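Have a look at the structure below before the remarks.
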Amino acid sequence: MNKYIKIKNMAHFVPERLVTNDELASFMPTSDEWIVAHTGIKTRHYAINENTSDLSTKVANELLRKSGYKASDIDLIIVSTISPDALTPSTAAIVQGNIKATNAFAFDISAACAGFIFAMSTAEKFLRTGQYQRAIVISAEVNSKMMDFKDRTSAVFFGDGAGGALIEASNDSTDESFIAEKIETNGLKKEVIHSGRITPLSDINGDNYPTMDAFFQEGRDVFEFATTVVPVQMKQILADNNLQTSDIDFVVCHQANLRIIEKIAEELEMPIEKFATSVTHHGNTSSAGIPMALNEALEQGFTGGTVLLTGFGAGLAYGSLLIKI
């Protein structure tokens, strides 16, 4: 039996350690002026003594607190991340153990900065069947642990954090939060952004334990993709659902950098005031940026409405969700 799916509540968490542009400039060839001019980013947070599962567990516990549910009420946990604690076990399984969600199954999704979109879409399908009642979806990243801090073109962008949602099935049509989705991948552009690649397993022996490479992106290619291909998808999902930009109350793009968000707003001919811009103080937190920015907006007084979520990143993976919140 198909169900209606409601986004019950959201939460986010950032590590305590605040890193300013001036601090980065103290050990790499950059400056506060350069970073702000090129990215709009002023500060970000780094997880010094925490892993991705730690940030995710904070979010999961906050979602449970807000909802009033016990961990045993949760059927599914999905974590989207490109910085998992380990290749295996999944970070989601670690979170499940941490919160003692004994009735839940758990797994990770790797879709880079589109991860929250992919994970929410996946969880919604599980609940829609009627076999499962409640899911926790979390996007969490510790990007700082993957950075090459000699590469100012990448390192200055990124921060750490986590955000997520608790969604549940309902028999009431007025509870429906999911309006539409459009999800795509272009694997021909797989080299534009990459990180954490390891030595092929077939080449590993006892003397060459695999090491991961640092984060890398082709900045100009990423900017072009984000400001040309992505707005086309955003326009298409609106057109497919007979909506105008004026029907959208709030837009939460991947918080890549402020200049990309400004360009997307220009392409859609929408005021920047309708766009989340938490990237200025959290930096690019990869897949975590969308749920972090949306929850922050809710905490700061956004009362809800029709929201367009759009994530884009390595893969190249990109996707949009139209939701009611």
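Only a predicted model underlies this, so the values are computations on that prediction, with no experimental measurement involved.
Lys58 places no side-chain N or O within donor-acceptor distance of the main-chain N or O of Asp54, the cut-off being under 3.5 Å. Between the side chain of Asn241 and the backbone N or O of Leu243, no donor-acceptor pair lies under 3.5 Å. Of the possible donor and acceptor atoms, one in the side chain of Gln255 sits under 3.5 Å from a partner among the backbone N and O of Ser278. No donor-acceptor pair under 3.5 Å is formed between the side chain of Asn103 and the backbone N or O of Asp75. A donor-acceptor contact shorter than 3.5 Å is absent between the side chain of Asp85 and the backbone of Thr91.
Taking CD1 of Ile167 as the reference point, atom NZ of Lys8 lies at 13.0 Å (rounded to 0.5 Å). Put simply, NE2 on His254 and OG on Ser286 are 6.0 Å apart, with the number rounded to the nearest 0.5 Å.
Ion pairing of Glu266 with Arg259 is absent here, as no side-chain N (NZ or NE/NH1/NH2) approaches a carboxylate O to less than 4.0 Å.
The neighbour count for Lys42 NZ, taken as heavy atoms of other residues, nucleotides or ligands under 6.0 Å away, does not exceed 12. Within a 6.0 Å sphere centred on CG of Asn49, other residues, nucleotides and ligands contribute 12 heavy atoms or fewer. Around NZ of Lys150, the count of heavy atoms belonging to other residues, nucleotides or ligands within 6.0 Å does not exceed 12.
In this structure the side chain of Met234 reaches within 4.5 angstrom of the side chain of Cys253, judged on heavy atoms. Within the 4.5 Å cutoff, the side chain of Asn295 has no heavy atoms near those of the Pro291 side chain.
Between the side chains of Ser80 and Ser139, at least one donor N or O sits under 3.5 Å from an acceptor N or O. Side-chain contact of Lys125 with Ser121: a donor-acceptor pair under 3.5 Å is present, judged by distance alone. Side-chain contact of Ser170 with Lys3: a donor-acceptor pair under 3.5 Å is absent, judged by distance alone.
Between Phe105 and Phe126, the angle of the ring planes goes over 60°, which puts this pair in the perpendicular group of the 30/60° scheme. Ring geometry for His45 against His282 counts as tilted: the plane angle lies between 30° and 60°, on a 0 to 90° scale.
A side-chain hydrogen bond (donor to acceptor under 3.5 Å, both in side chains) with Arg44 is found for one member of Asn284, Thr20, Asn21 and no other, namely Asn21. Put simply, the residue from Thr285, Asn143, Val19 that forms a side-chain contact (heavy atoms from CB on, under 4.5 Å) with Asp160 is Asn143.
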Inset, instruction - Take Lys263 and Glu267 through the test salt bridge (Lys or Arg N to Asp or Glu O under 4.0 Å) and record every step on the way to the result. - result: CA-CA 6 Å; Lys263 183 63 175 177; Glu267 289 293 320; 3.7 Å; yes
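No continuous path of hydrophobic side-chain contacts links Ile78 to Tyr69 [ILVMFWY only; heavy atoms under 4.5 Å].
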